[in-house]
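Heads up: the structure comes next, in structure tokens.
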2 protein chains.
Amino acid sequence: MARTQPEVTTSVGEVPRPRHLPAAFTAVELADRLWAPRQRVVRERTVPFLYGQMEKIGTIEALEVTKPPGPLAFPYRKNNTSTSVMYWDSDIAKWIETASYTLATHRDPALDALIDDIVARIAMAQEADGYFNSFFQRREPAKKWTNLRDWHELYCLGHMIEAAVAHNQATGKTNLLDIVRRHVDLVARLFGPGEGQRRGYCGHEEIELALVKLSRLTGEQRYLDLARYFIDERGRQPHYFDIEARTRGADPADYWYSTYHYNQSHVPVREQDRVVGHAVRAMYLYCAMADLAAETGDARLLGACRRLWADLNDKRLYVTGGLGPSEHNEGFTTDYDLPNETAYAETCASVGLVFWAHRMTLLESDGRYADVMEQALYNNALSGLSLDGERFFYDNPLASRGSHHRWTWHRCPCCPPNIARLMASLGSYVYSTAPGELAVHLYAESNARLEVDGVAASLKQTTNYPWEGTVELAVDPAMPIEFTLRLRLPGWCRSATLAINGQMLDTKALTERGYACLRRRWQSGDKVTLTLAMPVERLYAHPDVHADQGRVALKRGPIVYCVEAVDTSAPPHRLALPRDEAVTSRLEPDLLGGIATLSGTALAAEPVDPALYRTEPWPARRVPFKAVPYHVWDHREAGEMVVWLREA
Amino acid sequence: MARTQPEVTTSVGEVPRPRHLPAAFTAVELADRLWAPRQRVVRERTVPFLYGQMEKIGTIEALEVTKPPGPLAFPYRKNNTSTSVMYWDSDIAKWIETASYTLATHRDPALDALIDDIVARIAMAQEADGYFNSFFQRREPAKKWTNLRDWHELYCLGHMIEAAVAHNQATGKTNLLDIVRRHVDLVARLFGPGEGQRRGYCGHEEIELALVKLSRLTGEQRYLDLARYFIDERGRQPHYFDIEARTRGADPADYWYSTYHYNQSHVPVREQDRVVGHAVRAMYLYCAMADLAAETGDARLLGACRRLWADLNDKRLYVTGGLGPSEHNEGFTTDYDLPNETAYAETCASVGLVFWAHRMTLLESDGRYADVMEQALYNNALSGLSLDGERFFYDNPLASRGSHHRWTWHRCPCCPPNIARLMASLGSYVYSTAPGELAVHLYAESNARLEVDGVAASLKQTTNYPWEGTVELAVDPAMPIEFTLRLRLPGWCRSATLAINGQMLDTKALTERGYACLRRRWQSGDKVTLTLAMPVERLYAHPDVHADQGRVALKRGPIVYCVEAVDTSAPPHRLALPRDEAVTSRLEPDLLGGIATLSGTALAAEPVDPALYRTEPWPARRVPFKAVPYHVWDHREAGEMVVWLREA
């Protein structure tokens with residue numbers, strides 16, 4: 001049903017790049033020791049656990065819109081009159097999306113029936129005109145569409161669209177899809193440039209990318225048009241949120257954040273060049289911008305994406321792939337402002353960055369994007385989910401004094417189903433295809449059933465990545481066929497070797513924008529061997545990152561490490577790693593699900609003197625330490641943690 | 001009128017130390033280039049400026065208690081139902097105290113009349129039973145004595161007592177003194193262990209030390225008894241603040257700070273051994289404890305003072321003499337928690353530390369206390385007042401990105417008159433006397449008219465301290481007399497030489513607890529020369545002060561330095577000072593009132609690469625920098641400031 005895919009260029013002379021489409025999440029079976037167990041735990045533990053939590057706090061019961069509402073489980077916040085209860089529908093939607101992904105690979109009649117039951121409740125609640133939102137219907141029926149700025153109404157629908165798409169793809173059912181399409185039709189009647197229509201868009205972006213997904217699934221142009229309308233309208237003057245505020249009798253100036261940077265509507269999106277405001281909203285917006293650039297060939301949208309990408313990556317991204325340092329706006333602040341102990345770096349924001357980076361990767365065929373996708377995925381995003389699948393980080397600081405822990409629930413439980421849906425659909429991030437091309441973006445032991453130019457092709461990855469750097473790829477097309485196999489050469493890797501069927505290749509000559517491009521007539525039995533040198537690296541932050549000056553982060557492959565108190569005999573804040581001290585890696589299959597750890601010796605200042613200040617440096621002793629991947633911290637004895645170690 | 005002064009010992013075999021009394025503030029004329037200009041600016045600018053501000057915001061008009069109150073200038077705070085308006089009387093009191101000190105040395109009939117006018121208004125307002133508090137009388141007459149925990153009622157009286165004492169000492173007048181004595185008599189009837197009396201004490205300590213002052217001035221034991229009652233009662237169970245809350249129909253548990261650590265009433269004061277809670281309150285309490293130990297010989301009170309002193313100095317004091325790192329409680333947090341950029345370090349808290357350290361100095365004749373008095377005075381406290389006397393720091397961070405500035409007024413304007421009254425009375429901190437002893441605690445060019453064992457003795461200090469380390473003391477008794485001249489040898493000084501009339505002395509042999517003790521028959525014309533080596537020192541913080549690891553503070557003599565952006569070609573956060581790099585000092589008479597600056601060369605990391613992270617350290621260039629005394633920062637171009645420079 002897919003429409004014709006335009007190519008996109010933004011500057012004269014730029015070679016159009018073939019637009020890649022991701023592998024279906026059902027087409028890839030992960031068999032590695034990192035992601036596969038996480039997918040299993042999401043399926044077996046997180047999905048039932050999240051459902052139980054939603055039942056417990058009332059999220060499920062809230063769907064009974066004809067019953068009188070009970071007391072508000074979470075009170076309205078003082079400043080912006082919002083409450084997390086108003087986006088409970090989105091929690092349900094992300095749960096359905098996650099559950100659907102798991103169903104696609106692991107049949108589970110009870111889960112299937114449970115989803116259908118929820119869908120039936122939603123169907124019961126849906127109004128004749130297509131409207132469905134449990135919060136507004138049950139609690140605030142008079143306030144529908146009166147506060148798009150703060151009240152997440154289209155955001156909830158957006159997530160329900162994503163759920164419906166996943167549910168349809170996983171099960172073939174249309175029960176939820178039909179519901180959301182009727183709601184979207186209502187929205188399309190209500191919003192637009194026509195007479196009597198509202199010029200609005202949602203304060204929390206999400207529906208835009210969801211509408212593109214719906215358009216891709218259904219082949220319907222009108223969904224894409226609606227997404228584009230929302231994107232084009234955003235930030236235009238006169239400003240819709242001003243008009244809307246006045247319409248409901250409020251003063252537009254009485255906005256808790258003061259400016260519309262918070263929701264990226266301060267200027268039209270094509271004029272934006274700095275990542276600002278709430279980080280999750282920003283990521284979802286940029287996803288939709290990339291989607292629309294891909295769908296429509298809109299060079300100005302792609303140009304804005306590239307500028308925003310550069311701004312994020314050059315000035316506002318944690319080494320862990322976290323983003324949005326401030327709790328105040330759950331988002332961005334100023335250039336190079338990346339405090340460690342108070343880093344907000346919300347799990348959802350990193351998940352959103354994975355979404356955006358994935359879209360940019362497919363659109364641009366440029367490894368820089370996939371590098372960041374990998375960085376966010378393996379570090380800040382994965383950190384959000386405990387090994388047992390039932391505890392979650394909302395914020396992901398890069399240093400802790402020992403009191404920051406994963407929680408089992410949160411006032412705003414957006415992160416658990418967000419990391420869960422990413423885990424459950426991770427296969428589609430690994431591979432993509434385009435006419436005459438097949439690309440490998442991530443390395444993980446797996447089996448994939450893909451198709452190039454209409455010919456089925458299996459791909460089997462054998463590797464212990466990310467703990468070891470050797471990857472074997474067995475390519476198995478149904479018939480011999482010429483195509484380009486694009487293999488990502490990670491930006492962190494300074495030495496990669498490639499062989500086909502034992503024959504060494506000139507990697508450098510084959511490399512184009514971060515991908516080795518192996519064009520040949522592939523046939524069954526072909527085997528590619530990629531070896532990525534994976535030494536322990538020290539990373540140094542830009543001189544304007546205050547918090548990291550004089551400090552060093554340890555990284556090996558895509559994995560950022562941290563030192564926890566349990567792994568040293570001196571508190572981590574006392575350690576300084578000598579500049580020339582060797583740090584070595586070691587596989588520890590029995591530790592924290594099987595990881596590579598780093599080991600070294602640091603200098604630990606010794607408080608030999610009770611004085612608070614003295615005129616000589618404190619003496620130091622040599623202290624062995626171990627570092628573990630940041631994403632598994634806080635699984636053992638509680639204590640201090642640091643990512644950025646001082647360097648001596 | 002002074003009562004007999006007991007000696008205090010706390011352990012068996014401890015030699016009782018003679019108790020020193022400070023010089024009268026009228027007896028010392030400062031003639032130096034640091035304090036004397038500050039005293040002048042307080043007299044000529046700050047006193048009229050503060051009066052003008054109080055007129056402008058309504059503090060003065062608020063004394064008209066029979067008129068209906070206007071709208072509350074500052075609304076009640078959400079958590080503790082307090083508003084700074086409820087302690088406006090204390091602002092007036094501190095202003096009267098400051099103005100009185102200036103009157104004592106510089107007659108000013110208009111100012112004298114202005115004070116009398118305010119006193120007349122207070123007299124008009126005072127009720128028949130002695131009560132006076134403009135806030136309660138005008139706004140909340142039904143709430144008198146109902147919330148000692150939060151509402152500062154006795155605190156205001158305490159400051160009015162201090163004002164009355166200073167006013168009486170400066171002018172000989174008793175108009176204000178009579179008013180406060182009548183009020184104190186009422187308080188003594190209302191509070192106490194007797195039947196029908198309240199067992200309470202103030203949530204914000206202050207009246208206790210004021211009552212001791214009043215007792216000393218009047219010779220009345222009953223004021224001392226009341227102070228002692230408040231001190232003894234504090235923190236006893238059943239807890240008065242619990243009882244009081246229930247009495248007014250509130251739940252004691254519904255206290256914004258949760259525990260009574262906030263106001264140091266969590267346990268009886270003699271059992272306290274950690275500095276906790278609101279820092280200003282803590283300092284005022286400890287002052288009163290030291291006062292009572294001095295007045296009554298209470299060894300357990302002195303023991304508590306010593307333990308609290310050690311806790312503060314070993315674990316909770318900024319290198320600038322600032323204290324109380326947290327804005328949340330305007331006070332103390334955990335051991336070694338001394339963040340720089342977010343340091344609260346309220347000016348009032350440092351002023352309070354000067355008060356406490358002064359009392360401990362006089363009580364213990366131990367230079368350790370005077371060292372801290374000097375540290376707080378020259379750095380965090382002095383920082384609170386601008387060179388022009390009309391701008392003030394409330395909080396005193398040790399690092400700034402350039403947006404922290406002195407303000408001309410504040411919601412809670414407690415600091416301006418606090419630093420002003422300290423400046424105006426500073427002479428009395430320089431000298432003290434005891435039977436057979438005369439002590440010099442601070443060095444500053446000055447003339448003093450003192451008395452030892454009934455014999456008048458002038459003392460003339462000639463020095464350019466704190467910028468140079470040579471001090472000449474001309475001792476001029478009215479007749480030859482034997483006494484011990486105690487000269488403080490600052491703890492920061494590693495090499496001091498002493499001579500009398502050109503004859504070198506064995507400094508070490510004469511030194512006792514931080515003071516060189518020169519016992520001889522002094523006669524007119526005797527001259528002591530003290531030379532304190534004053535090299536630039538690097539200070540290193542205890543290994544558990546997270547924020548300062550890998551960093552160094554520059555200090556010379558008592559002065560802590562900082563680097564401001566205006567004095568380097570690279571932003572201060574990029575600088576790292578090599579361990580062996582020389583830092584030199586230089587007098588700059590024309591800069592910022594005349595100071596010694598430090599100069600050196602640091603390494604500045606250069607952002608030669610737009611990357612946010614790289615695997616090699618950024619290259620560095622050598623950058624000259626200048627450092628200025630912390631107390632004069634933020635007087636030139638706005639920009640970054642750091643006290644703790646990284647060390648390379």
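So that the names make sense, note that chain A is the first sequence line, chain B the second, and so on, each numbered from 1.
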### Summary
Cut-off 4.5 Å, heavy atoms of chain A, and the answer for B/D609 is backbone
### Per-residue contact mode, B/A611 against chain A (heavy atom under 4.5 angstrom)
backbone
## Note on the structure
Applying a strict 4.5 Å limit to non-hydrogen atoms, the region of B/V545 in contact with chain A is side chain
### Query
Checking heavy atoms, do the side chain of A/R316, its backbone, both or neither come under 4.5 Å from chain B?
backbone
### Query
Does the ring center of A/W309 lie less than 6.0 Å from the ring center of A/Y369?
yes
### Query
Are the ring centres of A/W256 and A/H328 closer than 6.0 Å?
yes
### Contacting region of A/E616 [heavy-atom separation from chain B under 4.5 Å]
both
### Message
Using heavy-atom distances under 4.5 Å, tell me whether B/Q549 contacts chain A through its side chain, its backbone, both, or neither.
### Response
both
### Task
May I ask you to say whether A/R274 pairs ionically with A/D335, meaning some side-chain N is under 4.0 Å from a carboxylate O?
yes
### Summary
Counting heavy-atom pairs under 4.5 angstrom with chain A, the leader among B/E647, B/R579, B/R551 is B/R579
### Query
Are the side chains of A/L323 and A/F332 in touch, meaning some heavy atoms are under 4.5 Å apart?
yes
### Heavy-atom proximity to chain B below 4.5 Å, by part of A/D544
both
### Message
Among A/V643, A/V560, A/L577, exactly one meets side chain to side chain contact (heavy atoms under 4.5 Å, CB included) together with A/L554. Which residue is that?
### Response
A/L577
### Query
Does the side chain of B/E537 reach to within under 4.5 Å of the side chain of B/W492, using non-hydrogen atoms?
no
### Query
Of all of B/A570, B/P610, B/A310, B/A541, which one pairs up most often with chain A through heavy atoms under 4.5 Å apart?
B/A541
### chain B contact via A/R646 - side chain, backbone, both or neither, heavy atoms under 4.5 Å
side chain
### Task
Check whether B/R494 gets within reach of chain A through its side chain, its backbone, both or neither, counting any heavy atom under 4.5 Å.
side chain
### Task
Heavy-atom pairs under 4.5 Å with chain B are the metric here; pick the option from A/R401, A/E341, A/E606, A/K315 that has the most.
A/R401
### Query
Quick one: of B/P617, B/A620, B/A648, B/P571, who has the most non-hydrogen atom pairs under 4.5 Å with chain A?
B/P617
### Non-hydrogen side-chain atoms of A/D371 and A/P490 separated by less than 4.5 Å
yes
## Note on the structure
Cut-off 4.5 Å, heavy atoms of chain A, and the answer for B/L317 is both
### Pairwise side-chain contact, A/T320 with A/Y378, heavy-atom cut-off 4.5 Å (strictly under)
no
### Message
Assess whether a salt bridge exists between A/E581 and A/R622, defined as any Lys/Arg side-chain N lying under 4.0 Å from an Asp/Glu carboxylate O.
### Response
yes
